Amino acid sequence: MAYNLKEEMSKEERFAPGQRLCAGCGAGITCRAMMRAVDPEDKAVICNATSCLEVSSFQYPFTAWEDSYIHTAFENASSTASGVETAYRALKKKGKVKDNYKFLAIGGDGGTYDIGFQSLSGAMERGHDFTYFCYDNEAYMNTGTQRSSATPRFASATTTPPGAESVGKKENVKDLTTIMVAHGSPYVAQTTFIGNFRDFHQKAHKAIYTEGPTFVNVLSPCPRGWRYSAEMLPEICRLAVETCIWPLYEVENGEYHLSYMPKKKLPVEEFMRPQGRFRHCFKPGNEWTIEEAQKYVDEKWEALLEKCK
């Protein structure tokens, strides 16, 4: 099927403006693209884990969501989506529901990589027909920028502050995208906001319209937690991709496909330098942190290239 980005971008918005997300936040862009990927003739149910997105898009009795919306606890967005999807199939079989529905779950990295991982893993293993979108802002931003398992090594968070005895978070990130592939999902993708958004829109649509449990991991920077100026959102995403810190790829039925190959792979310090959370890494004596970050990214990138052949 031919993909027309202009037509996609001209679709009626299903995530309304007027929500209370911060300027320069990636979550709103994630939601707009996610909902635009649902075909106009189909309806949707969104299960949203507690997060910045939830408190900013749904203040009872007001909501930014044009489709059916369920606010869940941190830990059970996927199990809620599982139950709704199962009920829908039963009602459809009995002829009590005529419309076609798509089931979407969404959460930040805290509600996906950590607190909600058990319900996400269970839903993937059971094979429910739904798509999970993680907007990965790499920390618990809603509750005060505490580190999560998605927080990069050496990043400053309120629970991993740099100082005389610390250079930020000690551990590397959990590779959740690969973990989802290991669950046998028919479609898993990694993307972000870069260029003309074609990559994001195509992957979102493919995920939603692939039968079975699918997963899309979206790098979604946070200006407050990452400490960059709001207008730098696209540039931060571009640098994440060009340094191969956040490679763009998809996995269809276990086969890896690279979506973008940088013409010239940039050093990781290009991504780190504009962000206040890495400022301490550039102080005299901490040069080794940048070297270690580069080594880790190079190893992960080479391993991905090998998988993509």
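What you see below is based on every heavy atom in this structure, not just the backbone, and it leaves out hydrogens, waters and symmetry mates. This one's a predicted model, so the numbers in the text were calculated from it and none came from an experiment. Numbers here simply count residues along the sequence, with the first being 1.
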Discussion item. One pair to check against side-chain contact (heavy atoms from CB on, under 4.5 Å): Glu242 and Glu270. What are the steps and the verdict?
Written reply: CA-CA 9 Å; Glu242 296 293 344; Glu270 296 292 315; over 6 Å; no
Worksheet item: Taking it one step at a time, do Asp114 and Ser149 satisfy side chain to side chain donor-acceptor pair (under 3.5 Å)?
Response: CA-CA 7 Å; Asp114 296 344; Ser149 61; 2.4 Å; yes
Practice prompt. Evaluate the criterion side-chain contact (heavy atoms from CB on, under 4.5 Å) for residue pair Leu233 and Cys237; output intermediate values, then yes/no.
Written response: CA-CA 6 Å; Leu233 172 64; Cys237 293; 4.1 Å; yes
Worksheet item: side chain to side chain donor-acceptor pair (under 3.5 Å) between Asn217 and Tyr113: does it pass, once the steps are laid out?
Response: CA-CA 10 Å; Asn217 208 357; Tyr113 282 65; 3.0 Å; yes
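Across all non-hydrogen atoms, the minimal contact from Gln19 to Ser57 is CB-CA, 4.1 Å. Between Thr151 and Val173 the shortest heavy-atom distance is O-CG1, 3.4 Å. In plain terms, the two heavy atoms of Asn286 and Val167 that are nearest each other are OD1-CG1, 3.8 Å. Closest heavy-atom contact between Gln294 and Pro267: OE1-CA, 3.4 Å. Counting all heavy atoms, side chain and backbone alike, Glu138 lies closest to Trp226 at OE1-CZ2, 3.3 Å. The shortest heavy-atom contact between Arg227 and Arg277 is NH2-CA, 3.3 Å.
Side chain to side chain, Thr158 and Thr145 fail the donor-acceptor criterion of an N or O pair below 3.5 Å. No side-chain donor-acceptor contact under 3.5 Å links Asn142 and Ser51. Of the N and O atoms on the side chains of Tyr69 and Thr63, not one donor lies less than 3.5 Å from an acceptor on the other residue. Checked by atom type, the side-chain pair Tyr88/Asp129 shows no donor-acceptor distance below 3.5 Å.
At most 12 non-hydrogen atoms from other residues, nucleotides or ligands lie less than 6.0 angstrom from NZ of Lys295. Within 6.0 Å of atom NZ in Lys11, more than 12 heavy atoms from other residues, nucleotides or ligands are found, so the atom counts as buried in its surroundings.
For the ring-ring contact (aromatic ring centres under 6.0 Å, His included) test with Phe154, the passing option among Phe278, Phe282, Trp288 is Trp288; the others fail.
A salt bridge links Arg153 with Glu292: at least one charged nitrogen is closer than 4.0 Å to a carboxylate oxygen.
Cluster annotation: Leu176 and Phe74 are assigned to distinct hydrophobic clusters (Ile/Leu/Val/Met/Phe/Trp/Tyr, side-chain heavy-atom contacts under 4.5 Å, transitive).
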